[in-house]
Amino acid sequence: MPLLEARPTPSPQMRLLAPLIAIGLTLAVGSLLFLSLGKSPVEAFGVFFIQPLSSGNGWSELMVKAGPLILIAQGLAVGFRARIYNIGAEGQLIMGALAGGGVAIAFDGVDAWWVLPLMVLAGALGGAVWGAIPALLRTRFNAQETLTTLMLAYVATFTLSYMVNGPWRDPEGMNFPQSILFGDPALFAPWFEGMRVNASLLIAAFASAAFWFFTSRSFLAYQLTVGGLAPAAARYAGFSADRTVWLSLVLSGLTAGLAGVGEVAGPVGQLNLNISPGYGFAAIIVAYLGRLNAIGIVLAGLLMALLYLGGEAAQVALQLPAAITGLFQGMLLFFLLGADVFVDYRLKPRPKPAYA
Amino acid sequence: MLEHLIPVLAGTLAAATPLIFAGLGELVAERSGVINLGVEGMMLIGAVAGFAAAAHSDGGALAGLPAGAFAGALAALIFAILSLSMAANQAACGLALTIFGIGLSAFIGQHYVSYSLPGLQPLALPGLSDIPVLGPVLFHQDTVTYLGLLSFAGVWWVLRKTRLGLILKAVGEAPDAAHAIGYPVIAIRYAATLFGGAMAGIGGAYLSTVYTPLWVQNMVAGRGWIAIALVVFAAWNPTRLLLGAWLFGGVTILQFHAQGLGIALPVQLLAALPYLATVVVLVLISRDKRLLQLNLPASLGKPWMP
């Protein structure tokens, strides 16, 4: 017998509550996990969520990690609203990093103000082009973007590996797979001495404001949402399905590309194989956790960044494996999807006994 | 040329084995109307569980496969509860399963990073393996590769020749009608999903205990996604799936034999070939909307509740 029944209308309270429930359940299961590993949950969560924020540098690192997560998730959310599943943002990030990094390498030694803006432009373009390919394949040949975006992410990874092992390898890098270290004109200057937070954060902040404005104020965003929720209605109203696909994929590719160039011109400072700790994938969770809403995504991005920092802190302080961050990410998304069911459904009341 | 070709063809069969297992499992699940994008995650969970079982027992690789199957099915159960009992979005749940599987397998697998397993010696089928060319290619393989071909035969037979195959098809094409004449739609979908998980788990365990008998983080490397693409390429037909898996096995193995075959391309670009090939193959098959629509299980991906 089914235990659930559809609500007459989706519950708006549940929509906002679901992420909190998911976070609560993740913490609960996380506690059990820490106990089973012989660690005190109180101590472990202290290391995970409090310790990283107990210093100025910790807050700087939080922003360094939240920036790309938020930036990518804002772009992805546009597509997700329209049910266009770009799951290869990691690849678009890498192509953005490659394009931006290529500019830095080409103009190495040129001390001019335009180097960095040109890198940012190239990065945006690189990501957008890598997002445009699946859009073309979907609109022209009907190929599912879920699979093509992900396959192209693998292709991007191997392209990066080829470039830093071959043409762009640092000749004085002792054969390590990495490019030259970029000079100051090709780097975002840190805001504070000894900390890594820099002006690339403004790109994420600007994107968040722009997407908030875009989703809450523009007719185009409305068309996108209708196209996702009711394709037939959208067709009837004359909204183009192809345009939705193009816009979703190019826009999310562009933001991922910007995030990529932000990494190589920021905390990483060169091209190497570790330019992203899976930001492109984690941003999928950020987008859902933030309810595909620009402000929600900012909050979710901060939480996810804290999870990354906490994982690093736990590795040092508690000798826990870094992989625990990935485990928490997975649990969080599962619990969120489970809690989300109760937006549209509710538990069926038990049938009352027939006697009176 | 021939002395190069024989190892390439033999290697192709082995490289196709994980794709055959995972692809057949996903094909059965999709025939019942369930699209599970968590194949990559289930393969990883199967790979790490199989590796652990093989490392801790005397059974070696052959202890790894059942463990992988069990773990894969368990992972599929999470997906099934969310997407079948609770009618959550199947695409999102599958994606969550993949992200979860990447995290969980890396977490468990870090104990095994420096381990290596003995692997599995190829089993030469007496008599048959002495046939020139065909013998070393087809009949000098490891047991699991033979098992993969047997699974193909089994799935083909069930889908094509049995009542069970028809019921599966009914549930995938028209769940309301199947429900109306008394078939337990949800239970059948559960069974198909768990079968898919077990098969993905076997595919993963084959990778970690036989194919490259050591644990490497994220070692499935997209094969789960390629398996999903293969099901589309196969238009939900097991024979085409087998051919597709061999094709991809061949593309995968090419990078190891490129030098011998006189192909001068950088290693990294050769390694990217299977993924590029997947995109090309998807494009070729998806262009033909009629072919897809004709074979696509009509209720694929649509939540159903009685």
Side-chain angles (χ1 to χ4, degrees), chain A residues 1-6 33 80 83 85 87 133-134 137-138 140-144 146-148 150-166 278 281-282 284-285 288 320-338 340-342 344-345, chain B residues 37 40-41 78-79 81-83 85-89 91-111 186 217 221-222 225-226 228-229 232 266-289 292 305-306:
Chain A
M1 194 193 70
L3 297 165
L4 299 172
E5 62 179 14
L33 182 70
F80 288 172
R83 308 266 162 112
Y85 295 107
I87 58 174
I133 300 171
L137 300 181
R138 163 85 190 256
R140 185 92 172 70
F141 303 112
N142 186 36
Q144 290 174 41
T146 337
L147 292 168
T148 51
L150 194 84
M151 288 296 122
L152 287 172
Y154 283 101
V155 175
T157 309
F158 286 114
T159 309
L160 171 68
S161 169
Y162 168 66
M163 293 311 282
V164 295
N165 276 296
F281 298 114
I284 299 170
I285 309 175
Y288 277 116
L320 285 172
I324 205 163
T325 301
L327 189 56
F328 276 132
Q329 288 176 352
M331 283 202 294
L332 192 57
L333 185 54
F334 260 136
F335 285 130
L336 180 68
L337 291 168
D340 262 350
V341 166
F342 294 94
D344 294 309
Y345 293 88
Chain B
L37 297 183
E40 179 86 4
I78 312 177
F79 169 86
I81 292 173
L82 273 173
S83 68
S85 293
M86 300 170 76
N89 178 325
C93 288
L95 205 51
L97 183 54
T98 287
I99 293 176
F100 178 72
I102 292 171
L104 181 69
S105 62
F107 182 72
I108 299 175
Q110 33 113 20
H111 298 291
I186 296 287
Q217 196 177 327
W225 293 100
I226 294 182
I228 296 173
V232 180
V267 193
Q268 296 88 358
L269 297 188
L270 284 169
L273 268 184
Y275 308 98
L276 271 177
T278 308
V279 173
V280 171
V281 150
L282 269 175
V283 164
L284 290 179
I285 193 78
S286 307
R287 299 171 63 165
D288 192 348
K289 279 192 185 170
L292 279 192
M305 277 209 179

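No hydrogens, no waters, no symmetry mates; every other heavy atom, side chains included, goes into these values. These figures come from a predicted structure and were not determined experimentally.
Counting heavy-atom pairs closer than 4.5 Å to chain B, the top residue among A/Ile285, A/Val341, A/Leu333 is A/Val341. Here B/Tyr275 is the residue among B/Phe79, B/Phe100, B/Tyr275 with the most heavy-atom pairs under 4.5 Å with chain A. Contact count against chain B (heavy-atom pairs under 4.5 Å) is highest for A/Ser161 among A/Pro134, A/Gly326, A/Ala6, A/Ser161.
Of the atoms belonging to A/Ile87, it is side-chain heavy atoms, and not backbone ones, that fall under 4.5 Å from chain B. Neither the backbone nor the side chain of B/Thr98 comes within contact range of chain A, judged by heavy atoms closer than 4.5 Å. Of the atoms belonging to B/Val232, it is side-chain heavy atoms, and not backbone ones, that fall under 4.5 Å from chain A. If you measure heavy-atom distances from A/Tyr85 to chain B, the contacts under 4.5 Å come from the side chain alone. Of the two parts of A/Phe342, only the side chain, counted from C-beta on, holds a non-hydrogen atom closer than 4.5 Å to a non-hydrogen atom of chain B. Both the backbone and the side chain of B/Leu276 come within less than 4.5 Å of a heavy atom of chain A. For chain A, no part of B/Ile108 is nearby; none of its heavy atoms comes within less than 4.5 Å. With a threshold of 4.5 angstrom between heavy atoms, A/Phe334 approaches chain B through its backbone and through its side chain. When heavy atoms are compared at a cutoff of 4.5 Å, A/Ile284 approaches chain B solely by way of its side chain, counted from C-beta outward. For A/Ile324, the parts lying near chain B are the backbone and the side chain together; criterion is any non-hydrogen pair under 4.5 Å.
Between the CG atom of B/Asn89 and the CG atom of A/Asp340 there is a distance of 10.0 Å, given to the nearest 0.5 Å. In this structure, A/Tyr162 OH and B/Leu270 CG are separated by 11.0 Å, a value rounded to the nearest 0.5 Å. Atoms CG and OG1, on B/Leu37 and A/Thr146 in that order, are 6.5 Å from each other to the nearest 0.5 Å. For the atom pair B/Gln268 CD and A/Phe158 CZ, the distance stands at 8.5 Å (nearest 0.5 Å). Once rounded to the nearest 0.5 Å, the distance linking CG of B/Leu97 with CG of A/Leu337 reads 11.0 Å. Here the straight-line distance linking atom CE of B/Met305 with atom CG of A/Leu4 works out to 5.0 Å at 0.5 Å rounding.
Taking the side chain as every heavy atom from C-beta outward, A/Met151 and B/Leu282 never approach each other to under 4.5 Å.
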Practice task
Might you work through the side chain to side chain contact (heavy atoms under 4.5 Å, CB included) test for B/Ile228 and A/Leu147, ending with a clear yes or no?
Solution key: CA-CA 8 Å; B/Ile228 296 173; A/Leu147 292 168; 4.0 Å; yes
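Minimum interatomic distance between B/Val283 and A/Ala143 (heavy atoms only, all atoms of both residues): CG2-CB, 4.2 Å. What you find for A/Gly338 and B/Met86 is that their closest heavy atoms are O-CE, 3.8 Å.
The backbone N or O of B/Gly222 sits less than 3.5 Å from a side-chain atom of A/Tyr154, completing a donor-acceptor pair.
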